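Just so we're clear, the structure is a prediction, and the values are computed from it rather than from any experiment. To find a chain, count down the sequence lines: A is the first, B the second, and so on, and within it residues start at 1. When reading the values below, keep in mind they use all heavy atoms of this one structure, side chains included, and skip hydrogens, waters and symmetry mates.
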Amino acid sequence: MNDFPYLPHTQKDIEEMFSFLGIKDIDELYRDIPALFKGELNIPSGLSEIEVKERLTDLAQLNKNMEEYGIFRGAGIYNHYIPSVIYPLASNRNFLTAYTPYQAEVSQGTLQILYEYQTQICNLTAMEVSNSSMYDGASALAEAILMAKRINGKNRVLMSKTVHPEYQEVSKTYVKVQGMDIEQIDYLSETGQLDLADLTSKITEETSCVVVSYPNFFGVIEDLKVIREKVPSEVVFIVVTYPISLGLLEAPGKFCADIVVGEGQSLGNTPSFGGPGLGIFASKKKYIRKMPGRIIGETVDQDGKRGFCMVLQTREQHIRREKSTSNICSNHAFNALVASLYLNVMGKQGIKEVSLQNYHKAHYLAKKLVETEKFKPVFDGPFFNEFVLESKIDPELLNEKLLEQHYFGPLILKNFYKEMGNKVLFCATELTKKRDIDFLCSFLEGLS
Amino acid sequence: MNDFPYLPHTQKDIEEMFSFLGIKDIDELYRDIPALFKGELNIPSGLSEIEVKERLTDLAQLNKNMEEYGIFRGAGIYNHYIPSVIYPLASNRNFLTAYTPYQAEVSQGTLQILYEYQTQICNLTAMEVSNSSMYDGASALAEAILMAKRINGKNRVLMSKTVHPEYQEVSKTYVKVQGMDIEQIDYLSETGQLDLADLTSKITEETSCVVVSYPNFFGVIEDLKVIREKVPSEVVFIVVTYPISLGLLEAPGKFCADIVVGEGQSLGNTPSFGGPGLGIFASKKKYIRKMPGRIIGETVDQDGKRGFCMVLQTREQHIRREKSTSNICSNHAFNALVASLYLNVMGKQGIKEVSLQNYHKAHYLAKKLVETEKFKPVFDGPFFNEFVLESKIDPELLNEKLLEQHYFGPLILKNFYKEMGNKVLFCATELTKKRDIDFLCSFLEGLS
Amino acid sequence: MKLIFEKSVSGRKSYSLPKLDVKESQIDIPEHLVRNEAPILPELYEVDIVRHYNQLATLNHSVDRGFYPLGSCTMKYNPFLNEEVASLNGFKFIHPYQEESTVQGALELMYELQEFLKEITGMANVTLQPAAGAHGELTGMLIIKKYLQENNLGHKNEVIIPDSAHGTNPASAVMAGFEVVKVNSNNEGRVDLDHLKSLVNENTAAIMLTNPNTLGFFEKDILKISDLMHKNDALLYYDGANLNAIMGKVRPGDNGFDVVHLNLHKTFSTPHGMGGPGSGPIAVKSYLKEYLPKPVVGMKESGEYYFDYDISKSVGKMRSFYGNFLVLVKAYTYILSLGKEGLKKVSELATLNANYLKEKLSKFLNVAYPDVCKHEFVIKGTSLKDYGVSTLDFAKRLLDYGIHPPTVYFPLIVDEAMMIEPTETESKETLDEVAAIYEKIVEEARREPDKLKEAPLTLPIKRLDEVKANKELNVKFD
Amino acid sequence: MKLIFEKSVSGRKSYSLPKLDVKESQIDIPEHLVRNEAPILPELYEVDIVRHYNQLATLNHSVDRGFYPLGSCTMKYNPFLNEEVASLNGFKFIHPYQEESTVQGALELMYELQEFLKEITGMANVTLQPAAGAHGELTGMLIIKKYLQENNLGHKNEVIIPDSAHGTNPASAVMAGFEVVKVNSNNEGRVDLDHLKSLVNENTAAIMLTNPNTLGFFEKDILKISDLMHKNDALLYYDGANLNAIMGKVRPGDNGFDVVHLNLHKTFSTPHGMGGPGSGPIAVKSYLKEYLPKPVVGMKESGEYYFDYDISKSVGKMRSFYGNFLVLVKAYTYILSLGKEGLKKVSELATLNANYLKEKLSKFLNVAYPDVCKHEFVIKGTSLKDYGVSTLDFAKRLLDYGIHPPTVYFPLIVDEAMMIEPTETESKETLDEVAAIYEKIVEEARREPDKLKEAPLTLPIKRLDEVKANKELNVKFD
């Protein structure tokens, strides 16, 4: 019996427990099951730690990773530096092996961490309230659109075409069964920014919300000020953001965004093949009762001592069931902890500096790439750390050649936007080194 | 000021502290120093985390390591499996960043761990007392010889020639300034075991101690029973052991060893280029006051509750100064923790099973190697997980070829014993895979 | 303790970045889009941060600290091996948009995990995309919705859900565009079959069942229920929260379920992370294969793995990318470690532990229903009311003994419920100790009820004022 | 709490090994050499182990938990970065007998660290071999011994050591075959120069000095002492325990020291690990180069690194292999992170912190000597005796406030000594809080001395019976 890992039962334990229960066979405890599975699962027998570790190490080594390869690709998941304190502190098993803080008195660690996280997200986005995490940026956006309907009861969504294509797809999946429909707003081919005229023409009485991405999928920085001016106040203004950019860019809350969502992976979370990430969700306080997800609040204990607990649980599924604001239960609290740690380490100065470095690296990269004459600029709108270029080399060939040199090249845009032809999306972060950029450019110059 | 890592002082802090102290300049606190260093240290300026990590990663990658390469080499440092729970638990920062348990009431974690370690070492070796760690096997042996002199006041050491050569060298360094001298006892060329006749002939009235290794440097298992019979009771009998072997071999305490020492790296500690290891030191209880190093004892607190504290501190340098039993202060408590964790995970059954696996893997390897006809057996004494073969291929060439195949070959013995010619020392552990052995043999068959 | 913001000192820092190695460009962003005030984030040095979290960790109960029998949450031990392998660079530092040829290891792992989960559930196809159990439920219900629409059954809009169900079930059904109809439990704690029959009609789209249910009982009428539903062109949805009881013993697919979700963070031992991330794969019968979210992982004849986006009637995407990949790595590792025999043993011992503890507690507490349970059971705390003591009071007193209370006041159909799931990774000694503590507290309830009403008495914090918390809504530090 | 042995249950296990994949051989070991009873080790499952150590960790004070000002121990913050890089496979999993071509990274690191340490100490050559400070002392004194013997000064057998010195100094000198002569401190807390002069004679081999000394004072007569010793063919040994005060400010080599040891686990921030491992490199003037233990790391003209065993008068080996390599990795990382400016700032701020706290405490406690100190200072606790309170009582009361006491009853020349070394990684706020706690306890000593005499009052354990511990000598569990 004790030949299986993690199981404490000795043969003697089992005998004693059987005897206490008056049973002779474990299947007596399964006697109410009409048709017990007779066969054996077609799964291998258990392996020892040594063998399991070897198997997993082999699988990991089949993947080329960003610690070995340079990368010029972002598009929603970014290769940022993770300060060394973050994972060892976050991985404390008293965090990792705890669950939802149902018993506040033995969960003050979790609760304070999430309260601090909420505060950081509010301060970073200039919003009034934040929940304590969603799954990812895409599902956070989908939930934001559903929330817009809860706010104004309307069904039409205007979505910028430059919101991350996967977020658009996820939103569609979530909202169409609620009778909502999504209409795209075009971008200007010169700047890569939202087409304001298109926006204005599409806003109607039925418009529930307007969704824009800041920066957008092409890396271009939307002018939230002028967009906001075009969006009537009864329409919910939803901004999808990239938190690292907010060290440099004005916070969306300053443009009167109603809901801000985003992918929080960039805040100290590893890329991890895209998951688990972190769904950021912040809003105006007046809408707090319409929000999805868990929210932590400050209170006092019987002695007046500060403590924290979950608040507004009556919005949540475990209390409100079919009338809840969302079905979310397990969230991404651990990733929120990582993000909070990241923001603590970077602090007020660091978030600005890292944001600026991203800006400068990307602009240097763009300039150098254009100088190789293998690429043409596409948009003239301001950009943060990503930008679109038109490649004179076939993009697949380009990336194949770069892979041989141990670089992941730019994202090939036609996979996401058919009209994009040979256009590609480059990304640079604070981890992109000048020597990699210079190597890339000189290598490209040699390509024909 | 705050541009240096790990320093909390802001400019304002410093100004306030200066003002409180009534100083204007930090050098006012160095005014008593006759000749301040004027220049700048010829050391690079500080680097950011990203740069430091890159530098260290580059250095690490210049080393071929045992996770990538197969290894057939042991000779004091062994590649054993380290269960996954060990390092995460040991690295708890409340262990790692604590020091010597001077204040027992806030060090019960440390103290209980070391008490448990002492118990495990006693049980593994069948000795009555153990200290809580020394630096390594070699210095533990040197200290044991000095202890023998404290026990019987005599100066002559008889040391088996098959004790690890580095331990012999270290012992010489330590003991000759104490007026002790070391004489070697030969081994039998047939069996690789201690030459009993040589031993008997060299024992005199002046003999302080006899040192044998079990198993010995050639992997051969000494017959402690017959050796002990030759060693007079007033002579201190010191056994150097390899703890993993004690799952299979009778404990040295059962042969009335007076002191047992050994290198504890094999108990869960990484090879780490040979350091830090763990010096194991166990003895008979009657000699406890002669022992070097820290010892933890059980006691009670004022309420009668069990607790632990350091005992017999009057042997130690911080109390006894020039009259202490040793100068040791910092020890290898962390490595003792790792070893204790290892022994907890392996437990009574596991230590036996791992020991047996080492035995069988090594015997299979030996058999297969001899079958290739590239090697001849050298000794016919029983061996544990290491054995000597005579290579028909030049050993340097052999290892060069194996390195090309990503294997570290056997130890070349002539570097340690001039008379050894083409003899090499092979090692196998539970991590040595049959497929590696089979590859090795078929590769060797192809070599000429 | 202080908030991290209260430890901030202007001018401190703990980050370090290399000097910018490229020429600075001009900031050609319109001035009004450039942040003019840095966000208010703490200014700290590294030691502040380290000590802050070291202290916060001491304030949490966790599986690594002790018994944590939250019913339906399966708080089993989370192996360190899983964490170790999930932290390999080849898993942590891969980008979702890498060329498939550069992520063959990740794809192979996902493919094999799909295969394992198919086998365990007895289903034909699996998606690993959902991020959590509830997310899986939504995915599954959207699949059902779309299937019905595509097959001219779009009028079917009612989902039947037992009164004992998890709150996520009705919430998910509604998010998928259905209406919820509640079916009662009978006096054996199972679905009342007669009531169910009375509810099934032409609008019935599906029934969502947890099996064993939240009372810990296996729905022994499952084959009848399955027949009833299928005869009415309605589907069966399996909530996998309680799968830990039945691995290798019975398979939802064999019982007629059409859609199954799994909670990898429960059954397959990935850590709960203070709330998440989890992972909620969905398994379906083959006729629903074309409805899965895009993409799934396929294997070509060459043995090469790829993302299969060719799913004709897909519900669409449920989240960005492919799922909570690192969680998948841990679950995969767990399955490799246990193997087929081990997984079965897990379920058997989870069930044995629950029955053992139930039997022990039944000596001095009322078990809600007497039958043999599976992995969990429910106590009806009403007997304590005589002493003026509530289940909440009882739970809070447990904290003083260093063990975590069960899930309380759930399921809703049991008064003063305590829902206890010990899991298989707790030893007999622990269960014996726990039973002794429960007995002692029952005794305290009788003799010193105030001790319970004021509990916890020994923790750094006492009972919190939740009314104030909800009234004042201080949800960020200013 | 229970011992791990008391949690053992026969038949439990938490190890796992692959099945033996080779044919079993016969066990051809004589029967009497085969173990017939398995060693008594605990039989546990993994969860037992995890919870045991989780609980034990809560019982330890640590730098990560809070203020830990053990004088002369330099309990500074240990960066996580250092641990991260030291855990790279290329460092952890290399064998000491690998071919040099396969460990060039390790050798380069050691070579560069040697260079850094030479520069910091102002010395010509370095060995990284010693495992700890005391081990370094022994190495250094053996070098001196051998040097004297080789130069016909073998009769010199007296080592002068101040009465304020660490206990390791006399112990090491004796282990190296010397006799110890004690020199007094003067009323300024420095070596009494006149007394020293009276002690120096033709048998004087060396003086061992810590500078700054254990009272925290720089030996301002160091140049005179150096002259005096050298004129008498005696050498100067530098105990580097207190180097943290003077990096980049003054170099022992420039002050006439011939042999220097360093404590990497103090000055260079490698963790203390509950007692070790440390690392105690030795630096020497060039004329002692040929006495270093074998091997040192050299660099060939080709840029290749190698172990240099060609050391003609070497004292021999001090331990197996090359030193505590992983500790070296951490120290090297620390030096790269701080750089020359940072190391200097470390020392300046360590000194500033000590003086600041000394000045604050001097308002209500007696500082042993009034002068400006370096990285540490000593309080004379005799003023508390009026209330019947000892330094030990004071120390134990500090525990109740969550901070670690200083080193107590050392140095021996100060009555009721408390030796306080805050280190540079503590913030001004922490020092202010600490001063407030000390003041409060002084007040308590006056008003409620029993509180101190019974302290600690708030910990899981009270004061321990050390007499019983030493009398009964229960040093293993039976």
Side-chain angles (χ1 to χ4, degrees), chain B residues 4 8 13 26 32 41 43 45-46 56 59-60 62-67 89 92-94 96-100 106 108-110 119 122-124 135 138 166 169 173 177 270 273-276 297-299 301-302 317-318 321-322 324 327 329-331 333-334 346-348 350 363-364 382 434, chain D residues 15 21-22 25 29 38-41 43 53 56-57 59-64 85 88-90 92-94 96 102 104-105 131-132 134 167 170-172 174 177 180 220 271-278 316-317 320-321 324-326 339-340 342 348 356 427-428 461-462 464 469 474 476-477:
Chain B
F4 302 107
D13 290 336
I26 193 72
D32 51 350
L41 294 175
I43 284 176
S45 291
L56 273 291
L59 286 171
L62 289 173
N63 304 325
K64 313 294 182 208
N65 70 71
M66 290 175 239
E67 298 278 292
L89 291 181
N92 189 307
R93 303 272 298 191
N94 290 333
L96 195 66
T97 73
Y99 197 27
T100 306
V106 288
Q108 287 297 305
T110 296
T119 303
C122 287
N123 292 353
L124 189 63
Y135 310 133
E166 295 212 29
E169 284 186 67
T173 308
V177 289
T270 55
F273 210 29
E298 186 182 308
T299 185
D301 77 354
Q302 286 174 354
Q317 50 72 30
H318 63 285
R321 302 178 74 84
E322 62 269 24
S324 58
N327 71 337
C329 177
S330 285
N331 57 15
F334 180 80
M346 298 312 285
K348 198 173 173 176
H363 283 71
Y364 179 83
K434 179 174 183 296
Chain D
Y15 74 95
D21 62 356
V22 300
S25 308
I29 306 171
I40 300 170
L41 292 172
E43 293 176 84
Y53 288 91
L56 285 170
L59 302 177
N60 264 10
H61 189 84
S62 68
V63 175
D64 278 22
V85 297
L88 291 165
N89 284 347
K92 277 192 309 186
F93 291 104
I94 52 178
T102 68
Q104 284 295 304
S172 299
V174 166
V180 172
K220 49 192 175 187
H272 284 66
M274 315 190 304
K317 281 190 77 67
S320 54
F321 319 114
N324 282 343
F325 176 69
L326 290 188
K340 57 185 166 193
E348 291 177 347
Y356 181 76
S427 68
K428 178 173 173 295
I461 204 153
K462 296 201 171 160
L464 291 162
N474 171 351
K476 78 179 269 270
F477 175 75

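With values rounded to the nearest 0.5 angstrom, K64(B) atom NZ is found 10.5 Å from Q104(D) atom CD. For the atom pair M66(B) CE and I94(D) CD1, the distance stands at 7.5 Å (nearest 0.5 Å). With rounding to the nearest 0.5 angstrom, the CG atom of D21(D) is 8.0 Å from the OH atom of Y364(B).
I40(D) touches chain B through backbone and side chain together, each having a heavy atom under 4.5 Å away. Only the side chain of N92(B) comes within contact range of chain D, with heavy atoms under 4.5 Å apart. Contact of L89(B) with chain D is made through the side chain alone, with heavy-atom distances under 4.5 Å. Heavy-atom distances place both the backbone and the side chain of T110(B) under 4.5 Å from chain D.
When the candidates Q302(B), H363(B), H318(B) are compared by the number of heavy-atom contacts under 4.5 Å with chain D, Q302(B) comes out ahead. Heavy-atom pairs under 4.5 Å with chain B peak, among P96(D), A38(D), G177(D), at P96(D). Across G278(D), P277(D), S427(D), G342(D), the residue that shares the most heavy-atom pairs under 4.5 angstrom with chain B is P277(D). Of the listed residues (G316(D), S62(D), G339(D)), the greatest number of heavy-atom pairs within a distance under 4.5 Å of chain B belongs to S62(D). Of the listed residues (P39(D), G105(D), A469(D)), the greatest number of heavy-atom pairs within a distance under 4.5 Å of chain B belongs to G105(D). Ranked by non-hydrogen atom pairs under 4.5 Å with chain D, the options T299(B), N63(B), I26(B), N331(B) are led by N63(B). Counting heavy-atom pairs under 4.5 Å between each of V85(D), L88(D), N89(D) and chain B puts N89(D) at the top. Between chain D and the options C122(B), P382(B), P276(B), the largest number of non-hydrogen pairs under 4.5 Å is found for P276(B). By number of non-hydrogen pairs under 4.5 angstrom with chain D, the leading residue of A98(B), G347(B), G297(B) is A98(B). Between chain B and the options K220(D), E43(D), K92(D), M274(D), the largest number of non-hydrogen pairs under 4.5 Å is found for M274(D).
Checking side-chain atoms of N60(D) against main-chain N and O of G109(B) turns up a donor-acceptor pair under 3.5 Å.
Qualifying ring pair (Phe, Tyr, Trp, His ring centres under 6.0 Å) partners for Y99(B), counting only residues two or more places apart in sequence or in other chains: H272(D).
For the pair D13(B) and K428(D), the salt-bridge criterion is not met [side-chain N within less than 4.0 Å of a carboxylate O].
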Pair N94(B), H61(D) - check side-chain contact (heavy atoms from CB on, under 4.5 Å), show working. CA-CA 6 Å; N94(B) 290 333; H61(D) 189 84; over 6 Å; no
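Residues R93(B) and D64(D) come closest through the heavy atom pair NE-OD2, 2.6 Å. Taking every heavy atom of both residues into account, F93(D) and T270(B) meet most closely at CZ-CG2, 3.9 Å.
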